[in-house]
2 protein chains.
Amino acid sequence: MAYRPTERTEARRTQTRERIVRAALALVAQGGYREAQVAAVAARAGVATGTVYRHFPSKADLLTEVFRVASSHEVEAVEQAARFGSAASQHEVDAVAQAGGDFARERIAAAVETFARRALQGRRLAWALLAEPVDPAVEAERLQFRRAYADVFARTIADGIASGELPEQDPAFTATALVGAIGEALVGPLSPTHAGTDVDALVRNLIIFSLRSTTDQELSPHVHRRAA
Amino acid sequence: MAYRPTERTEARRTQTRERIVRAALALVAQGGYREAQVAAVAARAGVATGTVYRHFPSKADLLTEVFRVASSHEVEAVEQAARFGSAASQHEVDAVAQAGGDFARERIAAAVETFARRALQGRRLAWALLAEPVDPAVEAERLQFRRAYADVFARTIADGIASGELPEQDPAFTATALVGAIGEALVGPLSPTHAGTDVDALVRNLIIFSLRSTTDQELSPHVHRRAA
DNA sequence: CCAAGCCGTGAACCGTGGTTCACTTCTTGG
DNA sequence: CCAAGAAGTGAACCACGGTTCACGGCTTGG
(Lines give C-alpha, C1' and ligand atoms only; values in the text may rest on other atoms or scores of the structure.)
Protein backbone atom coordinates (compact mmCIF):
# COMPACT_ATOMS: atom_id res chain seq x y z
CA MET A 1 0.00 0.00 0.00
CA ALA A 2 1.13 3.53 -0.56
CA TYR A 3 -1.56 6.16 -0.30
CA ARG A 4 -3.18 6.80 3.02
CA PRO A 5 -5.85 9.48 3.72
CA THR A 6 -4.29 11.90 6.17
CA GLU A 7 -5.56 14.75 8.23
CA ARG A 8 -4.58 17.31 5.68
CA THR A 9 -6.28 15.63 2.73
CA GLU A 10 -9.35 15.01 4.76
CA ALA A 11 -9.48 18.64 5.72
CA ARG A 12 -9.21 19.60 2.09
CA ARG A 13 -11.97 17.22 1.23
CA THR A 14 -14.22 18.65 3.90
CA GLN A 15 -13.41 22.11 2.69
CA THR A 16 -14.48 21.27 -0.84
CA ARG A 17 -17.64 19.72 0.42
CA GLU A 18 -18.48 22.79 2.39
CA ARG A 19 -17.74 25.00 -0.54
CA ILE A 20 -20.28 23.04 -2.54
CA VAL A 21 -22.89 23.32 0.16
CA ARG A 22 -22.31 27.02 0.54
CA ALA A 23 -22.50 27.55 -3.20
CA ALA A 24 -25.78 25.69 -3.36
CA LEU A 25 -27.11 27.62 -0.40
CA ALA A 26 -26.15 30.91 -2.01
CA LEU A 27 -27.89 29.96 -5.22
CA VAL A 28 -31.03 28.91 -3.42
CA ALA A 29 -31.00 32.06 -1.30
CA GLN A 30 -30.65 34.10 -4.45
CA GLY A 31 -32.92 32.46 -6.95
CA GLY A 32 -34.62 29.51 -5.35
CA TYR A 33 -34.28 25.89 -6.30
CA ARG A 34 -34.67 26.71 -9.96
CA GLU A 35 -31.17 28.09 -9.99
CA ALA A 36 -29.59 25.36 -7.94
CA GLN A 37 -28.76 23.06 -10.83
CA VAL A 38 -25.89 20.74 -10.23
CA ALA A 39 -23.82 22.33 -12.97
CA ALA A 40 -24.48 25.82 -11.63
CA VAL A 41 -23.63 24.80 -8.09
CA ALA A 42 -20.39 23.25 -9.26
CA ALA A 43 -19.49 26.31 -11.28
CA ARG A 44 -20.15 28.60 -8.35
CA ALA A 45 -18.14 26.39 -6.03
CA GLY A 46 -15.30 26.40 -8.50
CA VAL A 47 -15.32 22.66 -9.08
CA ALA A 48 -16.35 20.33 -11.86
CA THR A 49 -19.79 18.86 -12.11
CA GLY A 50 -18.51 15.40 -11.35
CA THR A 51 -16.94 16.57 -8.12
CA VAL A 52 -20.34 17.22 -6.65
CA TYR A 53 -21.01 13.53 -7.02
CA ARG A 54 -17.83 12.68 -5.13
CA HIS A 55 -19.44 14.28 -2.12
CA PHE A 56 -23.13 13.65 -2.56
CA PRO A 57 -24.80 10.57 -3.98
CA SER A 58 -27.45 12.67 -5.69
CA LYS A 59 -28.76 16.16 -6.12
CA ALA A 60 -31.57 15.43 -3.70
CA ASP A 61 -29.04 14.59 -1.01
CA LEU A 62 -27.19 17.79 -1.61
CA LEU A 63 -30.31 19.89 -1.43
CA THR A 64 -31.46 18.06 1.64
CA GLU A 65 -28.27 19.00 3.41
CA VAL A 66 -28.52 22.57 2.21
CA PHE A 67 -32.05 22.77 3.51
CA ARG A 68 -31.01 21.31 6.82
CA VAL A 69 -28.20 23.78 7.28
CA ALA A 70 -30.32 26.77 6.42
CA SER A 71 -33.27 25.74 8.49
CA SER A 72 -31.24 24.86 11.55
CA HIS A 73 -29.86 28.37 11.59
CA GLU A 74 -33.34 29.78 11.61
CA VAL A 75 -34.61 27.43 14.24
CA GLU A 76 -31.65 28.17 16.47
CA ALA A 77 -32.29 31.87 16.30
CA VAL A 78 -35.91 31.41 17.22
CA GLU A 79 -35.02 28.99 19.95
CA GLN A 80 -32.63 31.52 21.41
CA ALA A 81 -35.33 34.17 21.39
CA ALA A 82 -37.80 31.78 22.97
CA ARG A 83 -35.40 30.87 25.72
CA PHE A 84 -34.94 34.33 27.12
CA GLY A 85 -37.54 36.57 25.61
CA SER A 86 -36.10 40.01 26.13
CA ALA A 87 -34.47 38.94 29.39
CA ALA A 88 -30.70 39.06 29.62
CA SER A 89 -30.20 35.59 31.02
CA GLN A 90 -31.77 32.37 32.14
CA HIS A 91 -31.27 33.58 35.67
CA GLU A 92 -33.46 36.57 35.12
CA VAL A 93 -36.09 34.39 33.52
CA ASP A 94 -36.19 32.15 36.57
CA ALA A 95 -36.37 35.11 38.88
CA VAL A 96 -39.31 36.62 37.10
CA ALA A 97 -41.03 33.27 36.88
CA GLN A 98 -40.68 32.67 40.60
CA ALA A 99 -42.12 36.09 41.19
CA GLY A 100 -45.16 34.96 39.27
CA GLY A 101 -44.35 37.09 36.24
CA ASP A 102 -45.82 36.19 32.90
CA PHE A 103 -42.68 35.36 31.04
CA ALA A 104 -44.11 32.75 28.74
CA ARG A 105 -46.08 35.33 26.82
CA GLU A 106 -43.04 37.50 26.56
CA ARG A 107 -41.03 34.57 25.24
CA ILE A 108 -43.66 33.65 22.68
CA ALA A 109 -43.77 37.22 21.45
CA ALA A 110 -40.00 37.28 21.13
CA ALA A 111 -39.94 34.00 19.22
CA VAL A 112 -42.62 35.12 16.81
CA GLU A 113 -40.90 38.40 16.21
CA THR A 114 -37.58 36.73 15.54
CA PHE A 115 -39.20 34.24 13.21
CA ALA A 116 -40.91 36.92 11.19
CA ARG A 117 -38.16 39.50 11.06
CA ARG A 118 -35.53 37.02 9.98
CA ALA A 119 -37.80 35.67 7.29
CA LEU A 120 -38.52 39.13 5.99
CA GLN A 121 -34.83 39.89 5.94
CA GLY A 122 -33.80 37.02 3.72
CA ARG A 123 -37.00 36.75 1.76
CA ARG A 124 -35.81 34.54 -0.99
CA LEU A 125 -34.37 31.99 1.39
CA ALA A 126 -37.36 32.13 3.68
CA TRP A 127 -39.62 31.49 0.73
CA ALA A 128 -37.49 28.54 -0.25
CA LEU A 129 -37.69 27.14 3.26
CA LEU A 130 -41.35 27.78 3.85
CA ALA A 131 -43.24 27.52 0.64
CA GLU A 132 -41.36 27.02 -2.58
CA PRO A 133 -42.19 23.80 -4.39
CA VAL A 134 -39.45 21.25 -3.82
CA ASP A 135 -38.44 17.75 -4.63
CA PRO A 136 -40.36 15.35 -2.41
CA ALA A 137 -37.14 14.24 -0.76
CA VAL A 138 -36.52 17.78 0.39
CA GLU A 139 -40.15 18.17 1.35
CA ALA A 140 -39.56 15.63 4.07
CA GLU A 141 -36.86 17.88 5.45
CA ARG A 142 -39.28 20.78 5.38
CA LEU A 143 -41.63 18.82 7.57
CA GLN A 144 -38.82 18.35 10.08
CA PHE A 145 -38.07 22.02 9.89
CA ARG A 146 -41.60 23.02 10.67
CA ARG A 147 -41.78 20.49 13.43
CA ALA A 148 -38.62 21.94 14.95
CA TYR A 149 -40.23 25.35 15.05
CA ALA A 150 -43.33 23.86 16.55
CA ASP A 151 -41.28 22.14 19.23
CA VAL A 152 -39.82 25.43 20.32
CA PHE A 153 -43.25 26.92 20.70
CA ALA A 154 -44.61 23.81 22.33
CA ARG A 155 -41.96 23.89 25.04
CA THR A 156 -42.60 27.52 25.76
CA ILE A 157 -46.33 27.00 25.90
CA ALA A 158 -45.89 24.02 28.18
CA ASP A 159 -43.80 26.18 30.51
CA GLY A 160 -46.53 28.76 30.51
CA ILE A 161 -49.14 26.18 31.41
CA ALA A 162 -46.96 24.77 34.16
CA SER A 163 -46.56 28.21 35.70
CA GLY A 164 -50.28 28.78 35.47
CA GLU A 165 -49.78 31.66 33.13
CA LEU A 166 -51.43 30.01 30.17
CA PRO A 167 -54.67 28.05 30.21
CA GLU A 168 -54.79 24.31 29.92
CA GLN A 169 -54.29 23.21 26.27
CA ASP A 170 -52.45 20.74 24.08
CA PRO A 171 -49.10 22.49 23.64
CA ALA A 172 -48.10 20.45 20.61
CA PHE A 173 -51.31 21.22 18.82
CA THR A 174 -51.32 24.92 19.55
CA ALA A 175 -47.69 25.14 18.54
CA THR A 176 -48.29 23.41 15.22
CA ALA A 177 -51.20 25.63 14.43
CA LEU A 178 -49.18 28.66 15.38
CA VAL A 179 -46.37 27.74 13.04
CA GLY A 180 -48.90 27.32 10.27
CA ALA A 181 -50.45 30.66 11.02
CA ILE A 182 -47.14 32.47 11.03
CA GLY A 183 -46.00 30.71 7.88
CA GLU A 184 -49.15 31.55 6.02
CA ALA A 185 -49.09 35.15 7.09
CA LEU A 186 -45.54 35.38 5.82
CA VAL A 187 -45.99 33.57 2.53
CA GLY A 188 -47.91 36.43 0.97
CA PRO A 189 -45.30 39.07 1.73
CA LEU A 190 -42.49 36.66 0.92
CA SER A 191 -43.84 35.73 -2.47
CA PRO A 192 -41.57 36.90 -5.27
CA THR A 193 -44.45 38.81 -6.77
CA HIS A 194 -45.18 41.11 -3.92
CA ALA A 195 -44.78 44.80 -3.29
CA GLY A 196 -43.34 46.28 -0.12
CA THR A 197 -44.89 45.35 3.19
CA ASP A 198 -45.17 47.23 6.41
CA VAL A 199 -42.97 44.91 8.40
CA ASP A 200 -43.74 46.44 11.77
CA ALA A 201 -47.46 46.21 11.27
CA LEU A 202 -47.14 42.62 10.20
CA VAL A 203 -45.06 41.73 13.21
CA ARG A 204 -47.50 43.48 15.48
CA ASN A 205 -50.40 41.56 14.02
CA LEU A 206 -48.52 38.31 14.36
CA ILE A 207 -47.74 38.88 18.01
CA ILE A 208 -51.29 39.84 18.79
CA PHE A 209 -52.60 36.78 17.03
CA SER A 210 -50.12 34.46 18.68
CA LEU A 211 -50.81 35.67 22.18
CA ARG A 212 -54.51 35.64 21.59
CA SER A 213 -54.45 32.08 20.36
CA THR A 214 -52.50 30.79 23.33
CA THR A 215 -54.43 32.68 25.94
CA ASP A 216 -58.14 32.30 25.98
CA GLN A 217 -60.98 33.54 28.05
CA GLU A 218 -63.71 31.18 29.17
CA LEU A 219 -64.80 28.86 26.38
CA SER A 220 -68.05 29.61 24.69
CA PRO A 221 -70.90 27.08 24.74
CA HIS A 222 -70.30 26.42 21.03
CA VAL A 223 -67.16 24.55 21.71
CA HIS A 224 -68.82 22.27 24.16
CA ARG A 225 -71.85 21.76 22.02
CA ARG A 226 -69.93 20.99 18.83
CA ALA A 227 -66.96 19.24 20.24
CA ALA A 228 -68.82 17.03 22.64
CA MET B 1 -67.58 26.11 -46.87
CA ALA B 2 -68.85 22.71 -45.83
CA TYR B 3 -68.19 21.74 -42.27
CA ARG B 4 -69.76 23.76 -39.52
CA PRO B 5 -69.45 23.06 -35.79
CA THR B 6 -72.95 22.31 -34.56
CA GLU B 7 -74.52 21.90 -31.18
CA ARG B 8 -74.14 18.20 -31.24
CA THR B 9 -70.46 18.16 -32.07
CA GLU B 10 -69.76 20.85 -29.57
CA ALA B 11 -71.52 18.84 -26.91
CA ARG B 12 -69.39 15.86 -27.78
CA ARG B 13 -66.30 18.00 -27.59
CA THR B 14 -67.26 19.34 -24.20
CA GLN B 15 -67.96 15.85 -23.03
CA THR B 16 -64.51 14.68 -24.03
CA ARG B 17 -62.95 17.64 -22.34
CA GLU B 18 -64.78 16.91 -19.14
CA ARG B 19 -63.83 13.30 -19.32
CA ILE B 20 -60.21 14.36 -19.43
CA VAL B 21 -60.57 16.69 -16.49
CA ARG B 22 -62.33 14.06 -14.45
CA ALA B 23 -59.69 11.49 -15.29
CA ALA B 24 -56.95 13.85 -14.20
CA LEU B 25 -58.82 14.69 -11.04
CA ALA B 26 -59.27 11.03 -10.24
CA LEU B 27 -55.60 10.35 -10.73
CA VAL B 28 -54.58 13.26 -8.55
CA ALA B 29 -57.06 12.26 -5.87
CA GLN B 30 -55.66 8.78 -5.96
CA GLY B 31 -51.94 9.21 -6.28
CA GLY B 32 -51.11 12.88 -6.36
CA TYR B 33 -49.53 14.78 -9.20
CA ARG B 34 -46.92 12.11 -9.69
CA GLU B 35 -49.52 9.93 -11.30
CA ALA B 36 -51.15 12.60 -13.36
CA GLN B 37 -48.93 12.23 -16.39
CA VAL B 38 -50.47 13.26 -19.65
CA ALA B 39 -50.28 9.76 -21.04
CA ALA B 40 -51.88 8.29 -17.93
CA VAL B 41 -54.65 10.86 -17.92
CA ALA B 42 -55.38 10.17 -21.55
CA ALA B 43 -55.44 6.45 -20.98
CA ARG B 44 -57.81 6.78 -18.07
CA ALA B 45 -60.06 9.10 -20.04
CA GLY B 46 -60.07 6.61 -22.86
CA VAL B 47 -58.54 8.96 -25.40
CA ALA B 48 -55.19 9.31 -27.10
CA THR B 49 -52.39 11.41 -25.69
CA GLY B 50 -52.69 13.92 -28.48
CA THR B 51 -56.35 14.49 -27.74
CA VAL B 52 -55.45 16.07 -24.45
CA TYR B 53 -53.64 18.72 -26.41
CA ARG B 54 -56.74 19.40 -28.51
CA HIS B 55 -58.36 20.62 -25.34
CA PHE B 56 -55.54 22.09 -23.29
CA PRO B 57 -52.54 24.02 -24.55
CA SER B 58 -50.28 22.36 -21.99
CA LYS B 59 -50.21 20.05 -19.06
CA ALA B 60 -49.93 23.00 -16.70
CA ASP B 61 -53.19 24.37 -18.03
CA LEU B 62 -54.92 21.07 -17.54
CA LEU B 63 -53.71 20.72 -13.99
CA THR B 64 -54.60 24.29 -13.25
CA GLU B 65 -58.16 23.61 -14.27
CA VAL B 66 -58.25 20.41 -12.29
CA PHE B 67 -57.00 22.22 -9.25
CA ARG B 68 -59.56 24.96 -9.72
CA VAL B 69 -62.43 22.53 -10.00
CA ALA B 70 -61.40 20.57 -6.95
CA SER B 71 -60.69 23.57 -4.79
CA SER B 72 -63.84 25.42 -5.69
CA HIS B 73 -65.85 22.45 -4.47
CA GLU B 74 -64.10 22.63 -1.15
CA VAL B 75 -64.41 26.35 -0.79
CA GLU B 76 -68.09 26.23 -1.63
CA ALA B 77 -68.73 23.69 1.06
CA VAL B 78 -66.93 25.76 3.65
CA GLU B 79 -68.68 28.89 2.47
CA GLN B 80 -71.99 27.17 2.87
CA ALA B 81 -71.12 26.17 6.40
CA ALA B 82 -69.92 29.66 7.22
CA ARG B 83 -73.08 31.22 5.94
CA PHE B 84 -75.47 29.50 8.25
CA GLY B 85 -73.47 27.82 10.94
CA SER B 86 -75.84 25.18 12.23
CA ALA B 87 -78.83 27.40 11.57
CA ALA B 88 -81.41 26.21 9.13
CA SER B 89 -81.64 29.39 7.10
CA GLN B 90 -80.44 32.91 6.60
CA HIS B 91 -83.61 34.01 8.26
CA GLU B 92 -82.75 32.28 11.46
CA VAL B 93 -79.27 33.75 11.36
CA ASP B 94 -80.67 37.25 11.13
CA ALA B 95 -83.09 36.61 13.90
CA VAL B 96 -80.42 35.39 16.26
CA ALA B 97 -78.13 38.24 15.29
CA GLN B 98 -80.81 40.81 16.03
CA ALA B 99 -81.39 39.20 19.36
CA GLY B 100 -77.72 39.82 20.12
CA GLY B 101 -76.76 36.19 19.75
CA ASP B 102 -73.18 35.24 19.05
CA PHE B 103 -73.63 33.68 15.68
CA ALA B 104 -70.28 34.60 14.26
CA ARG B 105 -68.51 32.20 16.57
CA GLU B 106 -70.94 29.49 15.68
CA ARG B 107 -70.35 30.15 11.99
CA ILE B 108 -66.59 30.06 12.38
CA ALA B 109 -66.80 26.79 14.22
CA ALA B 110 -68.98 25.33 11.50
CA ALA B 111 -66.63 26.47 8.76
CA VAL B 112 -63.59 25.05 10.50
CA GLU B 113 -65.29 21.78 11.11
CA THR B 114 -66.39 21.47 7.51
CA PHE B 115 -62.93 22.35 6.28
CA ALA B 116 -61.27 19.75 8.44
CA ARG B 117 -63.74 16.92 8.06
CA ARG B 118 -63.85 17.18 4.31
CA ALA B 119 -60.09 17.22 4.12
CA LEU B 120 -59.80 14.17 6.30
CA GLN B 121 -62.33 12.39 4.16
CA GLY B 122 -60.48 12.73 0.88
CA ARG B 123 -56.99 12.76 2.28
CA ARG B 124 -55.05 12.32 -0.88
CA LEU B 125 -56.88 15.09 -2.64
CA ALA B 126 -56.67 17.39 0.35
CA TRP B 127 -52.95 16.80 0.51
CA ALA B 128 -52.67 17.61 -3.16
CA LEU B 129 -54.60 20.81 -2.67
CA LEU B 130 -52.93 21.94 0.50
CA ALA B 131 -49.37 20.81 0.54
CA GLU B 132 -48.10 18.59 -2.23
CA PRO B 133 -45.29 20.06 -4.27
CA VAL B 134 -46.64 21.32 -7.57
CA ASP B 135 -45.61 23.00 -10.75
CA PRO B 136 -45.21 26.73 -10.13
CA ALA B 137 -48.08 27.48 -12.50
CA VAL B 138 -50.40 25.43 -10.33
CA GLU B 139 -48.89 26.92 -7.20
CA ALA B 140 -50.41 30.23 -8.23
CA GLU B 141 -53.78 28.55 -8.25
CA ARG B 142 -53.11 27.23 -4.78
CA LEU B 143 -52.55 30.74 -3.57
CA GLN B 144 -55.95 31.70 -4.93
CA PHE B 145 -57.43 28.70 -3.24
CA ARG B 146 -56.07 29.62 0.13
CA ARG B 147 -57.10 33.18 -0.35
CA ALA B 148 -60.62 32.05 -1.13
CA TYR B 149 -60.75 30.19 2.15
CA ALA B 150 -59.36 33.20 3.92
CA ASP B 151 -62.01 35.41 2.37
CA VAL B 152 -64.75 33.24 3.76
CA PHE B 153 -63.32 33.52 7.24
CA ALA B 154 -62.61 37.20 6.83
CA ARG B 155 -66.21 37.95 5.97
CA THR B 156 -67.47 36.01 8.93
CA ILE B 157 -65.04 37.70 11.26
CA ALA B 158 -65.96 41.09 9.90
CA ASP B 159 -69.61 40.30 10.60
CA GLY B 160 -68.70 39.34 14.11
CA ILE B 161 -66.87 42.59 14.66
CA ALA B 162 -69.73 44.60 13.22
CA SER B 163 -72.18 42.96 15.59
CA GLY B 164 -69.85 43.62 18.49
CA GLU B 165 -69.43 39.94 19.09
CA LEU B 166 -65.76 39.82 18.19
CA PRO B 167 -63.12 42.31 19.29
CA GLU B 168 -61.63 44.85 16.93
CA GLN B 169 -59.04 43.22 14.64
CA ASP B 170 -57.87 43.03 11.06
CA PRO B 171 -60.25 40.42 9.63
CA ALA B 172 -58.08 39.70 6.59
CA PHE B 173 -55.03 39.08 8.71
CA THR B 174 -56.74 36.88 11.27
CA ALA B 175 -58.39 34.94 8.48
CA THR B 176 -55.13 34.32 6.66
CA ALA B 177 -53.43 33.17 9.82
CA LEU B 178 -56.35 30.94 10.60
CA VAL B 179 -56.20 29.24 7.24
CA GLY B 180 -52.50 28.67 7.77
CA ALA B 181 -53.12 27.22 11.20
CA ILE B 182 -55.80 24.85 10.00
CA GLY B 183 -53.75 23.80 7.00
CA GLU B 184 -50.70 23.07 9.08
CA ALA B 185 -52.65 21.13 11.65
CA LEU B 186 -54.07 19.03 8.84
CA VAL B 187 -50.90 18.46 6.89
CA GLY B 188 -49.46 16.10 9.45
CA PRO B 189 -52.49 13.79 9.54
CA LEU B 190 -52.93 14.12 5.77
CA SER B 191 -49.38 13.17 4.96
CA PRO B 192 -49.19 9.86 3.08
CA THR B 193 -46.93 8.48 5.78
CA HIS B 194 -49.24 8.84 8.69
CA ALA B 195 -51.10 6.46 10.91
CA GLY B 196 -54.71 6.85 11.97
CA THR B 197 -55.78 10.07 13.64
CA ASP B 198 -58.50 10.78 16.12
CA VAL B 199 -60.55 12.96 13.82
CA ASP B 200 -62.93 14.17 16.50
CA ALA B 201 -60.15 15.24 18.80
CA LEU B 202 -58.45 17.07 15.98
CA VAL B 203 -61.61 18.88 15.03
CA ARG B 204 -62.24 19.81 18.61
CA ASN B 205 -58.75 21.25 18.96
CA LEU B 206 -59.14 23.17 15.75
CA ILE B 207 -62.39 24.75 16.83
CA ILE B 208 -61.00 25.70 20.19
CA PHE B 209 -57.94 27.22 18.59
CA SER B 210 -59.93 29.11 16.01
CA LEU B 211 -62.35 30.64 18.45
CA ARG B 212 -59.59 31.49 20.84
CA SER B 213 -57.61 33.26 18.17
CA THR B 214 -60.51 35.38 17.04
CA THR B 215 -61.74 36.25 20.49
CA ASP B 216 -59.30 37.77 22.91
CA GLN B 217 -59.42 39.03 26.40
CA GLU B 218 -57.69 42.28 27.29
CA LEU B 219 -54.30 42.58 25.65
CA SER B 220 -51.29 42.03 27.80
CA PRO B 221 -48.71 44.77 28.25
CA HIS B 222 -46.28 42.80 26.08
CA VAL B 223 -48.21 43.54 22.99
CA HIS B 224 -48.15 47.21 23.63
CA ARG B 225 -44.54 47.24 24.66
CA ARG B 226 -43.25 45.22 21.72
CA ALA B 227 -45.61 46.37 19.06
CA ALA B 228 -45.38 50.05 19.83
C1' DC C 1 -71.94 12.02 -52.98
C1' DC C 2 -68.49 15.66 -52.52
C1' DA C 3 -65.43 19.00 -50.69
C1' DA C 4 -63.97 21.09 -46.45
C1' DG C 5 -62.13 20.51 -42.38
C1' DC C 6 -62.20 19.39 -37.40
C1' DC C 7 -61.63 15.65 -33.93
C1' DG C 8 -58.96 12.03 -32.58
C1' DT C 9 -54.73 9.18 -32.96
C1' DG C 10 -50.24 7.54 -31.05
C1' DA C 11 -45.62 6.86 -32.40
C1' DA C 12 -41.77 9.73 -32.82
C1' DC C 13 -39.42 13.75 -31.34
C1' DC C 14 -36.79 16.55 -28.32
C1' DG C 15 -35.17 19.62 -24.48
C1' DT C 16 -33.75 19.47 -19.97
C1' DG C 17 -30.76 18.48 -16.57
C1' DG C 18 -29.21 14.75 -13.52
C1' DT C 19 -25.76 11.14 -13.67
C1' DT C 20 -21.83 8.49 -15.24
C1' DC C 21 -17.07 7.25 -16.32
C1' DA C 22 -12.59 7.02 -18.53
C1' DC C 23 -9.01 9.88 -17.74
C1' DT C 24 -5.80 13.26 -15.43
C1' DT C 25 -3.83 15.20 -11.37
C1' DC C 26 -2.39 15.08 -6.87
C1' DT C 27 -0.89 12.86 -2.38
C1' DT C 28 1.37 9.45 0.43
C1' DG C 29 4.35 5.64 2.31
C1' DG C 30 8.29 2.99 0.99
C1' DC D 1 11.35 8.32 -7.57
C1' DC D 2 7.75 4.83 -7.73
C1' DA D 3 3.51 2.35 -7.11
C1' DA D 4 -1.06 2.72 -5.21
C1' DG D 5 -4.96 4.84 -4.93
C1' DA D 6 -7.98 8.86 -3.89
C1' DA D 7 -9.85 13.37 -5.56
C1' DG D 8 -11.04 16.05 -9.41
C1' DT D 9 -12.51 16.70 -14.27
C1' DG D 10 -16.08 17.56 -17.86
C1' DA D 11 -17.82 15.81 -22.03
C1' DA D 12 -20.96 12.30 -23.21
C1' DC D 13 -24.81 9.76 -21.87
C1' DC D 14 -29.47 8.84 -20.92
C1' DA D 15 -34.16 8.71 -18.86
C1' DC D 16 -38.10 10.96 -18.49
C1' DG D 17 -42.13 12.86 -19.87
C1' DG D 18 -44.21 16.77 -22.25
C1' DT D 19 -45.16 18.07 -26.90
C1' DT D 20 -45.71 17.62 -31.88
C1' DC D 21 -47.58 16.22 -36.35
C1' DA D 22 -48.86 13.61 -40.40
C1' DC D 23 -52.58 10.83 -41.05
C1' DG D 24 -57.38 8.36 -40.93
C1' DG D 25 -62.14 8.72 -39.95
C1' DC D 26 -66.44 11.49 -39.10
C1' DT D 27 -69.51 15.24 -39.54
C1' DT D 28 -71.66 18.92 -42.10
C1' DG D 29 -73.60 22.06 -45.75
C1' DG D 30 -74.26 22.02 -50.63
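Throughout, a chain's letter reflects where its sequence line sits, starting with A, and its residues are numbered from 1.
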Checklist outcome for this item: Looking only at dG10(D), dG18(C), dT19(D), the nucleotide nearest the Val38(A) side chain is dG18(C)

Item to check | Among dT28(D), dT19(C), dG8(D), the nucleotide that comes nearest once only the side chain of Thr16(A) is considered | outcome: dG8(D)

Next on the checklist: Taking any heavy-atom pair under 4.0 Å as a contact, classify Thr9(B): base, sugar-phosphate, or nothing.
Outcome noted: sugar-phosphate

Next on the checklist: Regarding Thr49(A), tell me which of base, sugar-phosphate or nothing describes its non-hydrogen contacts under 4.0 Å with the strands shown.
Outcome noted: base

Protein-nucleotide distance ([X], atom [atom1]; [N], atom [atom2]), rounded to Å:
X        : N       : atom1 : atom2 : value
Gln15(A) : dG8(D)  : CD    : P     : 10 Å
Phe56(A) : dT20(C) : CZ    : P     : 15 Å
Arg8(B)  : dT27(D) : CZ    : C1'   : 8 Å
Arg54(A) : dC26(C) : CZ    : C1'   : 13 Å
Arg13(A) : dT25(C) : CZ    : P     : 21 Å
Leu62(B) : dT19(D) : CG    : P     : 10 Å
Glu35(A) : dT16(C) : CD    : C1'   : 16 Å
Leu63(B) : dG18(D) : CG    : C1'   : 12 Å

Do [X] and [Y] pair up side chain to side chain, a donor and an acceptor below 3.5 Å, judged on atom types alone?
X         : Y         : value
Gln121(A) : Arg118(A) : no
Gln144(B) : Arg147(B) : yes
Gln169(A) : Thr174(A) : yes

Item to check | Salt bridge flag under 4.0 Å for residues Arg117(A) and Asp200(A) | outcome: yes

Counting only side-chain N and O atoms of [X], is one of them less than 4.0 Å from OP1 or OP2 of [N]?
X        : N       : answer
Arg4(B)  : dA4(C)  : no
Thr51(B) : dT9(C)  : yes
Arg12(B) : dT27(D) : yes
Tyr3(A)  : dG29(C) : no
His55(A) : dG8(D)  : yes

Checklist outcome for this item: 5'-most contact on DNA chain D (nearest-nucleotide basis), Val47(A) vs Gln37(B), goes to Val47(A)

Next on the checklist: Parallel, tilted or perpendicular: which one describes the rings of Phe145(B) and Phe67(B), with boundaries at 30° and 60°?
Outcome noted: perpendicular

Item to check | 5' priority, DNA chain C, between Arg34(A) and Pro57(A) [closest heavy atom] | outcome: Arg34(A)

